[in-house]
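Sequence lines set the chain letters: A, B, ... in the order given, protein chains first and strands last, and positions in each chain run from 1.
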Amino acid sequence: DQQVKQNSPSLSVQEGRISILNCDYTNSMFDYFLWYKKYPAEGPTFLISISSIKDKNEDGRFTVFLNKSAKHLSLHIVPSQPGDSAVYFCAASPGGATNKLIFGTGTLLAVQP
Amino acid sequence: KAGVTQTPRYLIKTRGQQVTLSCSPISGHRSVSWYQQTPGQGLQFLFEYFSETQRNKGNFPGRFSGRQFSNSRSEMNVSTLELGDSALYLCASSLAQTVNEQYFGPGTRLTVT
């Protein structure tokens, strides 16, 4: 049972445009959400996170939006750069004293120069 | 400060064999989590250790086991390897049990033939 879903396996955007990556979840008990970026042959790198009590968090070119009623979150990258090309994973935390994360299957973002 | 290190980086084993993977967390970190990444499945949580105690375990068969030593280094073991165990195994370390401060290692690529 996939509790965190990324329905788009890939996304291609032009340099300078906005990239929007989407993620849906099924468990309303998740209290913290994160986005990771992963290059081949490297481990995931933390990008940005959001608590379930917020609906938006911004860090430079990256903004995460959370819609709890729809159980949906999205990552916006503006402007997109070729170096942003990577696999992006969203992840959810079940809460409590744990580092356990439940990941989506990832979206491969390609930013075309 | 050195990052999370995992050894070996690549491994080829035969069905039925067993394998041990090692993870050295960032100095001072006491929490180590393990994940399995396979094509189409994203990253799936295996287990989490904190101060030598297993705090959480994912939905994997008993062939998958792990432990953490007093210096926080962790090992995971897979016995009676199956072809489906071929995956990238990732380790993440954290100072405490706070999900947004986890740092991932580069992973061990296990191929079972």
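- At a threshold of 4.5 Å between side-chain heavy atoms, the hydrophobic network of Ile, Leu, Val, Met, Phe, Trp and Tyr places A:Val4 and A:Leu109 in one connected group.
- For B:Leu43, the parts sitting under 4.5 Å from any heavy atom of chain A are the backbone and the side chain alike.
- In terms of non-hydrogen atom pairs under 4.5 Å with chain B, the most contact-rich of A:Ala41, A:Pro44, A:Gly106, A:Ala91 is A:Pro44.
- For residues 2-31 of chain A, the set of pairs meeting the ring-ring contact (aromatic ring centres under 6.0 Å, His included) definition, not counting sequence neighbours, comprises A:Tyr25-A:Phe33.
- By the rule that hydrophobic residues join a cluster once side-chain heavy atoms approach within less than 4.5 Å of another member, B:Trp34 and B:Leu88 end up as members of separate clusters.
- To the nearest 0.5 angstrom, B:Gln102 atom CD is 12.5 Å from A:Lys100 atom NZ.
- Not less than 6.0 angstrom separates the ring centroid of A:Phe46 from the ring centroid of B:Phe104.
- Under a hydrophobic clustering in which Ile, Leu, Val, Met, Phe, Trp and Tyr are joined whenever their side-chain heavy atoms come within less than 4.5 Å, directly or via other members, B:Phe45 and A:Val87 fall into the same cluster.
- The shortest side-chain heavy-atom distance between A:Asn99 and B:Phe50 does not fall under the 4.5 Å cut-off.
- Around atom CD1 of B:Ile12, no more than 12 heavy atoms belonging to other residues, nucleotides or ligands sit under 6.0 Å away.
- The hydrophobic cluster containing B:Ile26 does not contain B:Tyr49, counting ILVMFWY residues as joined when their side-chain heavy atoms lie under 4.5 angstrom apart, directly or transitively.
- Looking at B:Tyr35, its side chain does come within 3.5 Å of a backbone N or O of A:Leu101 through a donor-acceptor pair.
- Using a 4.5 Å cut-off between heavy atoms, B:Arg9 contacts chain A through its side chain alone, with no backbone atom that close.
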Check against side chain to side chain contact (heavy atoms under 4.5 Å, CB included), B:Gln37 and A:Lys38 = CA-CA 12 Å; B:Gln37 184 186 9; A:Lys38 186 178 185 300; 3.3 Å; yes

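- Note: the hydrophobic cluster containing A:Phe62 also contains A:Trp35 (ILVMFWY, side chain heavy atoms under 4.5 Å, direct or indirect links).
- Panel note: side chain B:Glu48, backbone A:Thr98; no donor-acceptor pair is recorded below 3.5 Å.
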